[in-house]
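For the numbers below, each heavy atom of this structure counts, side chains included, while hydrogens, waters and symmetry mates do not. Model, not experiment: these values are computed from the prediction. Throughout, a chain's letter reflects where its sequence line sits, starting with A, and its residues are numbered from 1.
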Amino acid sequence: MLLQLPIFLMELPVYLETLLQKCNSFPRIKQLQAHLMTTGRFQFCPSRSKLLDLCAISPAGDLSFAYHIFRKIRIPRTNDWNAILRGLAQSANPVKAISWYKTMSHGSHRVDALTCSFTLKACARVLACCEATQLHSQVVRYGFIADAKLGTTLLDVYAKTGCLDSAKKVFDEMSKRDIASWNALIAGLAQGDQPIEALSLFKRMRFEGLKPNDRTVLGALSACSQLGAVREGEKIHSFIRDENLDTNVQVSNAVIDMYAKCGLVEKACLVFDNMTCKKSIVSWNTIIMALAMHGDGYKALELFKQMAQAGVPPDVVSYLAVLSACNHAGLVEDGVRLFNSMPACGVTPAVKHYGSVVDLLGRAGRLKEAYDIVNSMPMYPDVVLWQSLLSASITYNNVEIAEIASQKLVDMGSSSCGDFVLLSNVYAKHERWNDVGRVREAMKSRDVKKLPAFSYIELEGTMHKFFTNDYSHEKWREIHRKMEEISFRIKEHGYVAETSFVLHDIEEEEKESALCYHSEKLAVAFGLTSTNEGMPIQVIKNLRICGDCHAVIKIISKIYNREIIVRDRARFHRFKEGSCSCGDFW
DNA sequence: TTAGGGTTAG
């Protein structure tokens, strides 16, 4: 009998564990399973769950076959249930894991900590915060809450589903925390738009004497990138070098991203050039994106070429990065050429790529070509794409396309304030105040909330944040005096307010003052009053910089002889001696 | 015996 067995099964009686490890292909798994069945060992073999596990989760396996095996088990144990559950949680349809858990717990099947862990992972993947909360109470009821690993899973699920308060609460109440628990919350806060809290948790962790590892610094660096917190980022980088954490390619990539988003693109390049570990495709994409953000289109194109030469074929993100570089540098022909070359390079353009090339053509005033692409693309244009087209048609005064684009946005149920503002700007430019009023009414009826614009500047480790028309800063009198001085001096240099950036049909003079107190101007004015002459000023804005502010800051950089760097939502603007690094192409 | 924390994106 033994002789008929495949060779790898001949050792079966003695080395079942080893054989399981050798199951690296689906046929082998099947052979082993068939053998256990035919020899009658299947129902009682302790390694059965491992075989199921292997089948359910390994790339060589097959979840439906795992289920087929499961059904042959007369009395499934918790481990058998868990194996299927784990497979479902990792599958393309993780919501099935939640149903599986329900079947399991509603029957009289014993649930253990692993059952909860796998189900929670599924909740994270489908963003099921409600189910996670229910599981949380069951975890408490079963008495598993003291399990540090399960606690970490729980807080991670809360963070990933956007329930950051619950995540913090789980963390605070954990009886035993280890490095993974800290990492989960730091990363959760950083990714959940709370980078300040992420950084302060990172500092607290160090204060409590815990040593960060590669995953910790990834979360902390991501927070620094978002905040533009370069000093903190540099400290973390030096820790990374001391501890040799930069042998991890993900850590090195995060360092590159941090320097780029903090405005130090040269340092980002330096880190990229001197990487000791093997560069991944993310390394290339990150540096190309960095150059794009800083408007260095030619270098981005050069690196895009180099990455292919280095044997790293570009992926969808690489194309987005290089198209964005062309966008920010006004390299229209290069952008169109690269976009057209995508299919031949084996990368299918997605809606974002179409959006990017439409934006590129639109900004260059080639509205007809842009609109032709919209009409010929194989998928529905999304909101962002119509917004780019709307924005371009306003810049080039094409009311016809502007109305088409804005109608599409309305049809798509857009409730973004920006869309309404853009449309109303078209009408404002043509002094069609009735239409402006109509748009304003539509905004009210749709309950459109304007995402508040804010800008901030870091001085000696303190963030100073400003909103539009902000009087809350302790030095507001000084700031507003500076604003008045700026208004006076820029007019001497021939500045005329471009009032179309203001939504309402108020009097010209009022419009001018509404522009005056935009958050980025307040931050720059504060920078001028609070730093030494000649020192560069760096400001970060959450939205795109306003056109009028762009014009004003250019003049400020000249008359006050300051380099002013503004990072907006899309890119960096480096103002120097009266001009901007974006070449006004933005 | 098996589980938890991760970088790029118009």
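Other residues, nucleotides and ligands contribute at most 12 non-hydrogen atoms within 6.0 Å of the NZ atom of A:K96.
Within the 4.5 Å cutoff, the side chain of A:Q138 has no heavy atoms near those of the A:V111 side chain. Between A:C269 and A:K299 there is a side-chain heavy-atom pair separated by less than 4.5 Å.
With rounding to whole Å, A:R77 atom CZ is found 17 Å from B:dT2 atom P. Rounded to whole Å, the distance from CZ on A:R177 to C1' on B:dG4 is 15 Å. The distance from atom CG of A:L135 to atom P of B:dA3 is 19 Å, rounded to the nearest whole Å. Rounded to a whole Å, the CG atom of A:L85 is 14 Å from the P atom of B:dA3.
The CG atom of A:D178 sits 8.5 Å away from the CG atom of A:N183 when rounded to the nearest 0.5 Å. Distance check, rounded to the nearest 0.5 Å: NZ of A:K267 to OH of A:Y259 gives 4.0 Å.
Residue-level contact check: A:A570 touches neither bases nor backbone, having no heavy atom under 4.0 Å from any strand.
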Completion exercise
Letter by letter from the 5' end, nucleotides 5-10 of chain B scores (B base, S sugar-phosphate only, - none; protein heavy atoms under 4.0 Å) BBBBBB
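Taking 4.0 angstrom as the limit, A:R86 places a side-chain polar atom (N or O) nearer than this to OP1 or OP2 of B:dA3.
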Listing, residues 163-170 of chain A side-chain donor-acceptor contacts under 3.5 Å, not counting sequence neighbours, or none:
{"unit_1": "A:K168", "atom_1": "NZ", "unit_2": "A:Q194", "atom_2": "OE1", "d": "3.2"}
{"unit_1": "A:K169", "atom_1": "NZ", "unit_2": "A:E173", "atom_2": "OE2", "d": "3.2"}

